[in-house]
Amino acid sequence: MKSLSYIDVFTPKNLEEALELLDKHRGELAVLAGGTDLIIQLRKSQQKAPNLLNIYMLDELRYIKQDNGTIKIGALTDFATITESPIIQRHAPVLAEAAATIGSVQILNKASIGGNIVNASPAADSLPALYVLNATLSLRSKTGTRKVAIEQFYKGYKKLDLQSGELLTEVSFPAMKQNQIGMFFKHGLRQGDAISVVNGAILLEVLNGYVKDARIALGAVAPTVVRATESEKTLIGQRLSEDVILKAAQACLTSISPIDDVRGSASYRKEMCVNYLYMTLWQMMRMVNV
């Protein structure tokens with residue numbers, strides 16, 4: 001790996017100073033948070049690495065709070081904090097479940113939710129959960145704040161709706177209702193800290209035994225995380241049964257377009273996607289029908 005000793009690192013004292021630096025050096029700075037992905041990418045890249053804006057010391061971007069039914073998470077909040085947060089465990093357990101799988105203890109304590117979002121890996125484990133929670137991103141710049149739905153934030157592989165001079169500062173979403181249940185699943189090539197071959201999250205709203213609303217998001221099977229809309233349509237208005245969940249799992253194939261890579265073939269990913277959807281829906285069916 002190459003040395004990065006030539007890089008200049010700007011370390012602002014507060015958010016306003018960070019936004020000033022981003023505005024002054026538009027397009028010239030990469031934002032460094034936990035660095036668990038960025039530093040590896042810079043060392044491996046054949047391109048000259050950009051200078052860095054180190055925001056890791058900005059504690060004002062570390063928080064989890066509930067505000068009138070909305071859960072708000074500061075962009076620098078690490079995944080260990082998210083996993084252990086009573087607010088997340090109670091109001092967004094599907095995110096707590098996903099956050100716990102991000103990596104080793106060291107990664108969980110260092111990696112931030114904002115970094116996981118902006119890194120834009122289609123295999124990022126927090127993204128399917130944030131998709132089904134209908135998360136909104138707050139993008140701050142020197143001139144104001146812009147809010148973008150997470151599904152609109154990704155424009156293609158590693159392409160973001162993030163303008164020059166903007167910084168992701170907060171992730172927010174509605175607290176889950178009492179009649180909603182959510183589950184996350186992940187398939188890697190080994191137990192432990194493996195990158196996902198397939199991952200996903202399901203959130204169901206059930207009323208009087210029938211599925212009122214269904215949201216399913218799948219990762220690592222397309223250039224970005226995708227919603228399995230045909231699977232969702234198959235579930236809505238139905239009482240969960242073996243036949244219904246099998247049809248819903250198989251319907252996901254219309255929403256995904258996986259590729260062959262070192263972690264698995266496209267056909268393997270398709271099979272795992274259907275299997276994991278079926279297994280997760282089966283568990284949810286048991287929870288609903290008790």
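FYI, side chains are in, hydrogens and waters are out, and symmetry mates aren't considered; it's all heavy atoms of this structure.
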(message) Could you walk me through whether L277 and S231 satisfy the side chain to side chain contact (heavy atoms under 4.5 Å, CB included) test, starting with their C-alpha distance in whole Å, then the side-chain angles of each, then the deciding distance to 0.1 Å, before giving a yes or no?
(response) CA-CA 9 Å; L277 261 185; S231 298; 4.2 Å; yes
(request) Please determine which of R146, K147, R140, K142 meets the salt bridge (Lys or Arg N to Asp or Glu O under 4.0 Å) test together with E166. (result) R146
(message) I'd like to check the side chain to side chain donor-acceptor pair (under 3.5 Å) partners of E60; sequence neighbours left out, ordered by chain and number.
(response) none
Given 3.5 Å as the limit, does a donor-acceptor pair link the side chain of [X] with the main chain of [Y], or not?
X: S85; Y: T81; result: no
X: K186; Y: T101; result: yes
X: Q89; Y: T83; result: yes
X: D37; Y: N119; result: no

(request) Could you walk me through whether S126 and N116 pass side-chain hydrogen bond (donor to acceptor under 3.5 Å, both in side chains), step by step? (result) CA-CA 7 Å; S126 71; N116 205 228; 2.6 Å; yes
(request) Determine, step by step, whether C273 and L218 satisfy the side chain to side chain contact (heavy atoms under 4.5 Å, CB included) criterion, reporting the C-alpha distance in whole Å, the side-chain angles of both residues, the deciding distance to 0.1 Å, and the verdict. (result) CA-CA 8 Å; C273 210; L218 301 171; 3.6 Å; yes
Output side-chain donor-acceptor pairs under 3.5 Å for residues 170-177, partner residues at least two apart or in another chain, one line each.
from, atom 1, to, atom 2, distance (Å)
E170, OE2, Y63, OH, 2.5
K177, NZ, E205, OE2, 3.4

(request) For side chain to side chain contact (heavy atoms under 4.5 Å, CB included), just list the numbers for D59 and R62, CA-CA rounded to whole Å, side-chain angles, deciding distance to a tenth of an Å, and then say yes or no. (result) CA-CA 5 Å; D59 286 340; R62 290 186 174 87; 2.7 Å; yes
(request) Among residues two or more places apart or on two chains, list those pairs meeting ring pair (Phe, Tyr, Trp, His ring centres under 6.0 Å) that have a residue in residues 64-114. (result)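 Of all non-adjacent pairs touching residues 64-114, none passes ring pair (Phe, Tyr, Trp, His ring centres under 6.0 Å).
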